[in-house]
Amino acid sequence: MLRPRRGVISRIEDADQPRSEHLQVDRGNRYLPSAMLFFENGYTGLDHFGQWFSGLSDLDAAPETRGAARAATFTTQAAAIEEVARIWADSGIVDPSDRYYVFFDSHDVDEDRAERAALLQLIEFLGLERVDAPAEAAGGEVWVRTDPRLDVECARWS
């Protein structure tokens, strides 16, 4: 269920034990891809689309709190690498020198706060090397030195 006025996407699974989950949407252009993923793959098609909460009230938490909670759910390196690559595929580029992954390309620091919080925790968890963004970069960009684990996963998502 798309709820643009609330900035929420909800999904309901009608199974033996019905459940509903809700996702805070930071950008309006996320509604169409979510609908397509749902039509193609049903409830589980949206699993990697973002952080789902069982209660609408959970969405009222600060974006940084939601992001930290999402990052904490990734307990293996493989799952964390996959999530980092998903975030990169959503908003990133490889810099022209091919030495860095740039997350949140051209984004302001006030955009994608939950995703940024999750990414920063996952970078630390994985031991990836974060570097300072160049002076001309947008304030919200996160630069990470390339890493063989990330290279393989990002290639799958691009």
Side-chain angles (χ1 to χ4, degrees), residues 7-27 29-31 33-95 97-105 107 109 111-133 140-158:
V8 172
I9 298 171
S10 298
R11 64 182 184 171
I12 300 167
E13 184 175 47
D14 239 355
D16 293 336
Q17 297 196 2
R19 66 180 177 157
S20 62
E21 294 180 314
H22 313 280
L23 169 75
Q24 184 78 45
V25 179
D26 296 332
R27 296 181 306 228
N29 63 350
R30 305 266 301 176
Y31 290 106
S34 71
M36 295 306 296
L37 285 170
F38 180 78
F39 290 133
E40 291 173 5
N41 302 303
Y43 187 91
T44 58
L46 295 168
D47 284 351
H48 298 291
F49 198 66
Q51 183 177 14
W52 295 92
F53 291 93
S54 58
L56 278 170
S57 63
D58 294 331
L59 299 177
D60 294 334
E64 292 79 8
T65 301
R66 292 192 325 262
R70 177 160 175 76
T73 66
F74 297 95
T75 57
T76 66
Q77 283 202 3
I81 285 284
E82 183 178 353
E83 179 64 4
V84 168
R86 183 201 61 80
I87 293 169
W88 175 80
D90 247 7
S91 65
I93 62 166
V94 176
D95 85 302
S97 73
D98 284 337
R99 296 185 318 181
Y100 307 101
Y101 283 99
V102 180
F103 296 82
F104 311 111
D105 177 47
H107 290 205
V109 73
E111 296 177 78
D112 304 304
R113 291 170 38 203
E115 292 271 283
R116 185 173 289 99
L119 174 69
L120 294 175
Q121 278 197 246
L122 292 170
I123 287 170
E124 186 176 325
F125 172 71
L126 293 166
L128 297 173
E129 183 182 352
R130 183 174 176 201
V131 298
D132 292 333
E141 291 182 3
V142 175
W143 287 55
V144 175
R145 190 171 308 280
T146 57
D147 178 280
R149 299 169 295 167
L150 196 51
D151 296 342
V152 169
E153 193 61 32
C154 285
R156 283 189 33 204
W157 284 87
S158 55

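All values derive from a computational prediction rather than experimental measurement.
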Arg116 to Phe104, cation-pi by 6.0 Å centre distance and 45° axis angle
yes
With a sphere of 6.0 Å drawn around CD of Glu124, does it hold more than 12 non-hydrogen atoms of other residues, nucleotides or ligands?
no
What's the shortest heavy-atom distance between Leu122 and Ala71, and which atoms?
CD2-O, 3.9 Å
Can you measure from CG (Asp105) to CD1 (Ile93) and round to the nearest 0.5 angstrom?
4.0 Å
Reported CG-to-OH distance for the pair Asp147 and Tyr100, which is rounded to 0.5 angstrom
13.5 Å
Looking at every non-hydrogen atom in both residues, tell me the closest pair between Leu37 and Gly45 and how far apart they are.
CB-O, 3.8 Å
Evaluate Ile123 against Val142 for side-chain contact (heavy atoms from CB on, under 4.5 Å), listing each step before the verdict.
CA-CA 10 Å; Ile123 287 170; Val142 175; 3.9 Å; yes
From CA spacing to verdict: side-chain contact (heavy atoms from CB on, under 4.5 Å), Leu23, Arg11
CA-CA 9 Å; Leu23 169 75; Arg11 64 182 184 171; over 6 Å; no
Is a side-chain donor-acceptor pair under 3.5 Å present for Arg66 with Gln24?
no
Grab the two heavy atoms, one from Leu126 and one from Ala80, that are nearest each other, plus how far apart they are.
CD2-CB, 3.8 Å
Where is the tightest heavy-atom contact between Ala117 and Ala68, given as atom of each residue plus distance?
CB-N, 4.3 Å
Step-by-step side-chain contact (heavy atoms from CB on, under 4.5 Å) determination, His22 to Asp58
CA-CA 9 Å; His22 313 280; Asp58 294 331; over 6 Å; no
Starting at CE of Met36, measure out to CG of Asn41 and round the result to the nearest 0.5 Å.
10.5 Å
Exceeds 12 heavy-atom contacts within 6.0 angstrom, atom CZ of Arg99:
no
Grab the two heavy atoms, one from Thr75 and one from Phe125, that are nearest each other, plus how far apart they are.
O-CZ, 3.8 Å
Which distance, rounded to the nearest 0.5 Å, do you find between the CD1 of Ile9 and the CD of Glu21?
12.5 Å
Which atom of Thr146 lies closest to which atom of Asp98, heavy atoms considered
CG2-O, 3.7 Å
One should read off an interatomic distance between Leu120 CG and Arg130 CZ, to the nearest 0.5 angstrom, of 5.0 Å
How long is the span from the CZ atom in Arg86 to the CD atom in Glu115, to the nearest 0.5 Å?
4.5 Å
Taking ring-ring contact (aromatic ring centres under 6.0 Å, His included) as the definition, give me every residue that meets it alongside Tyr101, ordered by chain and number, with sequence neighbours left out.
Trp88
Stepwise, does the side-chain contact (heavy atoms from CB on, under 4.5 Å) test hold for Leu46 with Trp52?
CA-CA 9 Å; Leu46 295 168; Trp52 295 92; 3.6 Å; yes
